Undergrad: 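Quick one: this structure, given as structure tokens, is what I'll be asking you about.
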2 protein chains.
Amino acid sequence: MGGKTDLRLTMDDIAAAAGVSQMTVSRVMRGTGQTSDEVRKRVESAARSLGYVPNRLATALRDETAPLIAVVLPTLGNRVFSEVLNGVSSTLTDSGLQPVFGVTEYSAEHEEELVRDLLSWRPRGIVLPGLEHSDATRAAVRASGVRVVEVMDIDGDPISVAIGLSQIAAGRSTALHMLSKGYRRFGYIGSQGGRDLRAVKRLDGFRSAIREAGAQIVSERIVAEPSSMTVGRNETANLLSERNAPEAIYYSNDDLAAGGIMHCLSEGIAIPTQVALAGFNGLAFLEALPVRLTTVETLRLQMGVEAALHLLGHRDDPDEISNKKVVDLGFRLIEGETC
Amino acid sequence: MGGKTDLRLTMDDIAAAAGVSQMTVSRVMRGTGQTSDEVRKRVESAARSLGYVPNRLATALRDETAPLIAVVLPTLGNRVFSEVLNGVSSTLTDSGLQPVFGVTEYSAEHEEELVRDLLSWRPRGIVLPGLEHSDATRAAVRASGVRVVEVMDIDGDPISVAIGLSQIAAGRSTALHMLSKGYRRFGYIGSQGGRDLRAVKRLDGFRSAIREAGAQIVSERIVAEPSSMTVGRNETANLLSERNAPEAIYYSNDDLAAGGIMHCLSEGIAIPTQVALAGFNGLAFLEALPVRLTTVETLRLQMGVEAALHLLGHRDDPDEISNKKVVDLGFRLIEGETC
DNA sequence: TTGAAAGCGCTAACAA
DNA sequence: TTGTTAGCGCTTTCAA
């Protein structure tokens, strides 16, 4: 009971300074129960002057859950995921919850470990990217009993709630649009070495529609690197220099497609007459390009927002029987000048 | 002491299943102390089969500190900060620490509240953006005793460790380059309504060099919105349509400047003969543009990495006497084709 | 090599 | 209106 030498202040310190019990400090801090104005003022001024910061670890331990929302992201290198994170984060402001996050770099093993790590914080909820997870990951989430939302994709069987769009339908839709413009010979440019499973689904949807129409994909280039405008530009150059080059190119996302536009602008290649292009995501910067890209608009920010609202309990819970729910935010094909 | 109905497993549950004491489970989990192979195996298999997930809240409460690194960001809407976050996050992988973060939206009051919230997790360290913080924020950080790193800027007095670059020098350096090319009448385009204090410092540095040379800034346009290519494109159009339009434009960052390039490409305005442009940051996507922007390269990812390493204790501690340290990562003027 | 006791800082429940 | 007690799940200390 000697003098406190630690920097960390506890409610006991404030209690001593204010001449009340520690429990009274707790009540004043939380504004619960009845406390006389007199005492409240004494406690508040003691807390302020000593610079008391509550210890949420203790509260969380007591409550058996921490005011945290865990967010798993494939990468921070792609705007798309920082937009989802932004949606979660901004929705959490003023809710008293904090986001904790980790990045998998598109690896299922990393995801498994990361999910375990994040769950050990006893978060109020967890946001996962996509619907493909290892059995162990699924089991860990289920066993934890925390609310889960899987974002981005709805083509598959969610653990509980999925919020996103049909990636397959988005790919098909792009194909149908391009086919309607009369293109028959297609190229595809992707990145991440095929580890982005949503991109794979889009390509599947795209490919099936192309085949059904009797048209063909003459070349698919999927590089190992992350996507970027530079990669898109270089791969477009490579693709167009192949003999038997395609009339139209489908890119796995807007960054790559914008790189394609840049290549054409630099080389004086006419769009869409010499080559047609289509992207995916509808990123804001496309508006500023000299040529408007045809793309599929997705609602990344809103996915984060809706996910957070679900985890906060401001949305309907999953259906009682199946314990599952799918929220299709849809997509919109935006016809630009590139096909 | 009845049967456990909760989903949450504790070491007691594992202990019961393995027929040992809870303390033995703790030892096995952490791999400390001596445990017989026999017992270790029993405990490990019980933990695995029951799906035990440790409760870090309890450990953290006991340890008086949580294995967390708190990160404060002005916004997630700007690539620059997600790159810093990425640097922190990737450096933390395999260190056993998790990033928790929050966004201030460039508001000092939000920052104050956010910092208090984050400190209540008893993190191992905290990363703050820039050197300008309210007295209360500074006091809270100091009182908490956690390690702090301030990133992005080194023009000022750090709380402890600052890692970044001289924003003022970066602005001056750009001005000197443009002056050396013979431009005398300048324009400036910024965003965030002047709330981005690093941008303000760059402009100060730019302005002083321009004045010293006897040249002038004929127009400054600072919009309230966040920066984007679209804003840059529109504001460039506005600036160039003013009578008495400038010969050269300095933008507060690359997104805005890239928008300027797009405007010129679309309108057939020759760069740099009709108008010269310069940006700031050296973002990767610039490489893909048809016209290479003259800009100042900064090391966002590295700032995050260095900040995390400091907080992990893998870098020198601040000087014993002053308790402060400044790490100047510098910047590099990249001469493109725009001035 | 294993176990029992105490306590980290907080809050629910009960008592005064 | 205020205070006391017990305990959240771990780990440190001491004992067996």
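Numbered from 1 within each chain, the chains take letters A, B, ... in sequence-line order. Predicted model only: the values in this text are computed from it and were never measured.
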Undergrad: Identify, between B:G19 and A:L57, the residue whose nearest nucleotide on DNA chain C lies closer to the 5' end.
TA: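 Mapping each residue to its closest nucleotide by heavy atoms, the 5'-most match is B:G19.
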Undergrad: Is it true that B:D157 and B:K324 have a side-chain N and a carboxylate O under 4.0 angstrom from each other?
TA: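 Between B:K324 and B:D157 there is a salt bridge, with a charged N closer than 4.0 Å to a carboxylate O.
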Undergrad: Keeping A:R122 on the side-chain end and A:A60 on the backbone end, is there a donor-acceptor pair under 3.5 Å?
TA: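 Between the backbone of A:A60 and the side chain of A:R122 there is no qualifying donor-acceptor contact (under 3.5 Å).
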Undergrad: Could you state the CG-C1' distance from B:L61 to D:dG7, rounded to the nearest angstrom?
TA: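 Rounded to whole Å, this separation is 12 Å.
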Undergrad: Cut-off 3.5 Å, side chains only: do A:S26 and A:R30 have a donor facing an acceptor?
TA: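 Short answer, yes.
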Undergrad: Listing time: all N or O pairs from protein to nucleotides 12-16 of chain C that are below 3.5 Å?
TA:
{"from": "C:dA12", "atom 1": "OP2", "to": "A:R30", "atom 2": "NH1", "distance (Å)": "3.0"}

Undergrad: For residues A:L114 and A:V72, determine if any side-chain heavy atom of one lies less than 4.5 Å from a side-chain heavy atom of the other.
TA: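 Counting from C-beta outward, A:L114 and A:V72 do come under 4.5 Å.
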Undergrad: On DNA chain C, nearest-nucleotide positions of B:A58 versus B:V20: which is more 5'?
TA: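 Between the two, 5'-proximity favours B:V20.
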Undergrad: Between B:D63 and B:T65 (side chain of the first, backbone of the second, donor and acceptor by atom type, cut-off under 3.5 Å), is there such a pair?
TA: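 No.
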Undergrad: Figure out the CG/C1' separation between B:L119 and C:dG9, and round it to whole Å.
TA: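 Rounded to whole Å, this separation is 17 Å.
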Undergrad: C:dT2 phosphate, OP1 or OP2: any side-chain N/O from B:S21 under 4.0 angstrom?
TA: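 Answer no for this pair, as no side-chain N or O of B:S21 is under 4.0 Å from OP1 or OP2.
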Undergrad: Please determine whether a side-chain nitrogen or oxygen atom of A:Y52 lies at a distance below 4.0 Å from atom OP1 or OP2 of C:dC10.
TA: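 Checking C:dC10 against A:Y52, a side-chain N or O does come within under 4.0 Å of OP1 or OP2.
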Undergrad: If the threshold is 4.0 Å, N to carboxylate O, is there a salt bridge linking A:D117 and B:R56?
TA: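 Result for this pair is yes, salt bridge flagged.
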Undergrad: Specify the separation, in whole Å, of atom CG of A:L9 and atom P of C:dC8.
TA: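 Atom CG in A:L9 sits about 15 Å away from atom P in C:dC8.
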Undergrad: Tell me, do B:T104 and B:L73 make a side-chain contact under 4.5 Å, heavy atoms counted?
TA: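 Not in contact.
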Undergrad: Between B:E64 (CD) and D:dG9 (P), how many Å, whole number?
TA: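 Those two atoms, CD and P, are 20 Å apart.
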Undergrad: Would B:E306 and B:R315 pass as an ion pair if we require N to O under 4.0 Å?
TA: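 Yes, B:E306 and B:R315 are salt-bridged.
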Undergrad: Strictly by side chain to side chain donor-acceptor pair (under 3.5 Å), give each pair with a member in residues 67-80 of chain A just once, sequence neighbours left out.
TA: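 Listed by first then second residue: nothing to list.
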Undergrad: Without decimals, in angstroms, what is the distance between B:D12 CG and C:dG3 P?
TA: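 Roughly 12 Å, once rounded to whole Å.
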Undergrad: Looking at A:S26, I'd like to know whether one of its side-chain N or O atoms comes within less than 4.0 Å of OP1 or OP2 on C:dC10.
TA: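 False: A:S26 side-chain N/O out of range (4.0 Å or more) of C:dC10 OP1/OP2.
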Undergrad: Would you kindly give the CD-to-P distance between B:Q22 and D:dG7, to the nearest whole Å?
TA: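 It is 15 Å, rounded to the nearest whole Å.
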Undergrad: In whole angstrom, give the distance that lies between atom CD1 of B:I14 and atom P of D:dG9.
TA: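 Going from CD1 in B:I14 over to P in D:dG9 covers 12 Å.
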Undergrad: Which residues, if any, of residues 33-41 of chain A bring a heavy atom under 4.0 Å of DNA chain D?
TA: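 Residues of residues 33-41 of chain A that come under 4.0 Å of DNA chain D are, in numerical order, A:Q34, A:T35, A:S36, A:V39.
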